[in-house]
Amino acid sequence: MPDTVTIANGHHAVFTRCRLGGIELRNRIIKTATYEGMCPDGVPSAALIEHHRALAAGGVGMTTVAYCAVSPNGRTFAEQMYMRDAIVPKLRELTRAVHDAGAAASIQLGHCGFFSRNTALPGRRSLGPSFTINQYGLMSGVPVARAMNEADIVEVIGDFGAAAGRAADAGFDAVELHLGHGYLLSQFISPATNHRRDRWGGSLDNRMRLPLAVVERVRQRVGARFPILAKTNLRDGFRGGLELDESVGVAQRLEAAGIDAIVLSGGFTSKTPFYLFRGGRPLKEMIEVEKSWPQKIALRLFGASAIKEYPFKELFFLDDARAVRRAVQVPLVLLGGALSLDNLDSAMHEGFEFVAMGRALIADPDLINRLQRGEATRSRCISCNKCVAEMDRNGVRCVLG
Ligand SMILES: Cc1cc2nc3c(=O)[nH]c(=O)nc-3n(C[C@H](O)[C@H](O)[C@H](O)COP(=O)(O)O)c2cc1C
């Protein structure tokens, strides 16, 4: 933890260099993963490279490429990027552009679990810890998920390891494992979606067995000095889901497994999608960009009642994140509603080593430079969340222009 929030010559601790595993970042601000929608046919485009170059040039310490699946069957959508040899040269271009602009590059690796609309899935069934109706895929022809067997589990662990190895080959400085937001590893951790009676379900130790096996395999592939972050849920955000008492236990187990930093988030995409970010619920825009007609109609009819809205608050995960801070020594990344220099200072003051920002940097990719130069004190983001719909239109962008 930095000793002081502001240091002698008017600079702020958040702008000081900091170690993350075996690397050093130029400051403590991480651009968090926000799905870009810039990978036509699953291939990183020039727009994706430019998006991350601009964030790096705008001053962040590290930028994170969002939601790369570890395998074709781990994709939520058929057009999502999944890690494979064919895209490594493009990713190398991306990491080179980010490095040339002075920042580090991380990539988020995930598996969607049952939360999929990918009709290319074998038997049109997604995979999860337990059998479930897949409401998200129902209208798109992926109505159910089957419970994973031992062979599926072994395969997924291997896929995470191989994907991390390729990410390192592509020049990434870090990987972020997605253990949150209701995707596969989060589905295993959550008592609401893991009903297994074998060693992969039941107690928290058992529900953490797969995420920890993934961390172990990734570590074997990337080596001791390569930073591995985990994005986790503080709470799933619905009754019966993961709550803070257990999420503290999740962080403690990750710390013991040698994770380099934990990004503290929350929410479950299939049940509480707006718990993740709070603020506006752009239903009209979400209906506009929805490509499947049955889904469009369902959104029109049931969207307002099915998708709960949560009021925005600056640093909205801080209260819960404090409980984790008290319980572990491992570096923590505070996330959620950081918009201003005051928010960044508060994160340092509260003992977090890093702050992650999503929407503030979609709105103002050069925010960090401007904060640092004293040209701005806060982002222009108004948490309307219309950027969430934009990612399915022509790629994520701020609608404020
Ligand atoms: C457009 C958009 C896309 C997102 N995509 C992802 C994603 O791919 N992976 C992820 O872990 N979180 C995703 N999130 C959630 C953000 O990473 C972050 O947790 C959330 O926006 C809160 O941070 P903020 O208040 O700084 O925006 C997304 C958020 C937005 C606004």
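In each ligand, atom 1 is the first atom listed, and ligand 1 is the first ligand listed.
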Notebook entry, point to check: Which heavy atom of Ile49 sits nearest a heavy atom of Ala97, and at what distance?
Noted result: CG2-CB, 4.0 Å
Checklist line | Tyr82: partners by ring-ring contact (aromatic ring centres under 6.0 Å, His included), with sequence neighbours left out | finding: none
Next item on the list: Consider only side-chain N and O atoms of Ser186 and His181, and report whether a donor and an acceptor are under 3.5 Å apart.
Entry: no
Next item on the list: Could you tell me how the ring of His178 sits relative to the ring of Tyr67: parallel (under 30°), tilted (30 to 60°) or perpendicular (over 60°)?
Entry: perpendicular
Checklist line | Carboxylate-amine/guanidinium proximity below 4.0 Å for Glu216 and Arg221 | finding: no
Notebook entry, point to check: Will you find, in the side chains of Lys308 and Ser305, an N or O donor that is under 3.5 Å from an N or O acceptor?
Noted result: no
Note to self: I'd like the residue list for ligand 1, meaning every protein residue with a non-hydrogen atom under 4.0 Å from the ligand.
What the structure shows: Thr32, Ala33, Thr34, Tyr35, Ala66, Tyr67, Gln108, His178, His181, Lys231, Ser265, Leu276, Phe277, Phe316, Leu335, Gly336, Gly337, Met357, Gly358, Arg359, Cys387, Val388, Met391, Val396
